[in-house]
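Presented below is the structure to which this report refers.
We're numbering straight along the sequence, starting at 1. All figures in this text were calculated on a predicted structure; none of them were measured in a lab.
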Amino acid sequence: MEAVSIEDLKQKAIELRQTALTMIYEAQSGHPGGSLSAADIMAVLYFKEMNVNPSDPKWEDRDRFVLSKGHVCPIQYAALLLRGFVPYENIHTLRQYGSPFQGHPDMKKCPGIDISTGSLGQGLSCAVGMAIAGQRDEKSYRVFAMVGDGECQEGQIWEAAQAANKYKLDNLIVFVDDNGLQIDGTCEEVMPNLDLERKFEAFGFETKRINGHDIEEIVRALDEVKAAKNGKPKCLVCNTVKGKGVSFMEHSVGWHGVAPKEEDYRRAMLEIAGGLQP
């Protein structure tokens, strides 16, 4: 875990957004909307909260991270680049044959990826398994998982949640990137999630709804939940904006899986560099 200021984390979030968007632009393929909505959470996890070692990605006592919504892997790849898990020149190789940066996270190709994901709904089950293993081996590491709100329409998410409650996994912290949009439209139109905070609470989680773009609030919420050794898995439901930081991408389902062309890319990079308000 790193000693880093809130201002430093805000700057890291800007760098993460710019790096992820550059990868998507150069590949002309990828998912910018959900990558941008997750950037502030990823900044806090990779540059402050998680106990990891870039020089030893398989360190046995490291904290684990599972990107269950694996299609937004450019934002995780950006974190791995900026933390030094992968040489920075790989920024130019997204979705290329032989690259560590495949279209979905691949644990066999990319240092720092703890589990291959992409088939929505399955990642949380993997995170639960990791947390059970840590508990049974009497390890102090924690397991962090990020799921999407559209992904929460998958039944396997709730089977995993039941198991997390059954095994009293207070070493598991789940983030829900609740940006309201999925590939086919709004979550409300496609399949309403109702109240995700109350749903996870009903499945035995200690839950809290926060602003997923307020770095200070994310840090504070993590401090609160990690202090609560109460036998409950934890869930932070994060209010986020799809495409956050780029005005013409925000709240737009059209930017779910479309790479920007040059003019849009240049404009987006300038907007991100200008900073953003939570």
- With sequence neighbours excluded, tell me which residues meet side-chain hydrogen bond (donor to acceptor under 3.5 Å, both in side chains) with Asp61. Lys139
- Quick one: list whatever passes salt bridge (Lys or Arg N to Asp or Glu O under 4.0 Å) with Glu7, sequence neighbours left out. Lys10
- Item | Partners passing ring-ring contact (aromatic ring centres under 6.0 Å, His included) against Tyr265 (at least two apart in sequence or in another chain) | Tyr25
- Query: Considering residues at least two apart in sequence or located in another chain, which fulfil the side-chain hydrogen bond (donor to acceptor under 3.5 Å, both in side chains) criterion with Ser37?
  - Reply: Asp177, Asn179
- Determine which pairs satisfy ring pair (Phe, Tyr, Trp, His ring centres under 6.0 Å) with at least one residue from residues 231-250, sequence neighbours left out, and list them in order. Phe248-Trp255
- Task: With the side chain counted from C-beta on, respond yes when Thr93 and Asn90 share a heavy-atom pair under 4.5 Å apart, and no when they do not.
- Result: yes
- Message: Ignoring hydrogens and geometry beyond distance, is a side-chain donor-acceptor pair present between Ser68 and Glu151 at under 3.5 Å?
- Response: yes
- Message: Please determine whether residues Leu36 and Val253 belong to a single hydrophobic cluster, defined as Ile, Leu, Val, Met, Phe, Trp and Tyr linked transitively by side-chain heavy-atom distances below 4.5 Å.
- Response: no
- Query: Taking only residues two or more places apart in sequence, or in another chain, which ones meet Glu154 in a side-chain hydrogen bond (donor to acceptor under 3.5 Å, both in side chains)?
  - Reply: none
- Task: Please list all pairs passing the salt bridge (Lys or Arg N to Asp or Glu O under 4.0 Å) test where one or both residues lie in residues 125-135, with sequence neighbours left out.
- Result: none
- Short side-chain donor-acceptor distance under 3.5 Å, Ser247 and Glu271: yes
- Message: When you compare the side chains of Lys261 and Gln28, does any donor N or O come within less than 3.5 Å of an acceptor on the partner?
- Response: yes
- Message: Grouping I, L, V, M, F, W and Y whenever their side-chain heavy atoms are under 4.5 Å apart, do Val190 and Leu120 come out in a common cluster?
- Response: no
- Is the shortest distance from a Lys or Arg side-chain nitrogen in Arg267 or Glu263 to a carboxylate oxygen in the other one below 4.0 Å? no
- Evaluation steps, side-chain hydrogen bond (donor to acceptor under 3.5 Å, both in side chains), between Asn51 and Arg62: CA-CA 6 Å; Asn51 191 18; Arg62 72 190 183 281; over 6 Å; no
- Residues at least two apart in sequence or cross-chain that pass ring-ring contact (aromatic ring centres under 6.0 Å, His included) with Trp158, listed by chain then number, are Phe200, Phe203
- Query: Sub-3.5 Å donor-acceptor pair from the side chain of His213 to the main-chain atoms of Val241, do we have one?
  - Reply: yes
Report, one line per pair, each donor and acceptor closer than 3.5 Å where one atom sits in a side chain of residues 70-79; sequence neighbours left out.
from  : atom 1 : to     : atom 2 : distance (Å)
Gln76 : NE2    : Tyr46  : OH     : 2.9
Tyr77 : OH     : Gln102 : N      : 3.3
Tyr77 : OH     : Gln102 : O      : 2.8
Tyr77 : OH     : His104 : O      : 3.3

- Item | All pairs passing side-chain hydrogen bond (donor to acceptor under 3.5 Å, both in side chains) where residues 194-203 contributes a residue, at least two apart | none
- Item | Partners meeting ring-ring contact (aromatic ring centres under 6.0 Å, His included) with Tyr167 (sequence neighbours left out) | none
- Please name all residues satisfying side-chain hydrogen bond (donor to acceptor under 3.5 Å, both in side chains) with Asn230, sequence neighbours left out, ordered by chain then number. Glu206, Lys234
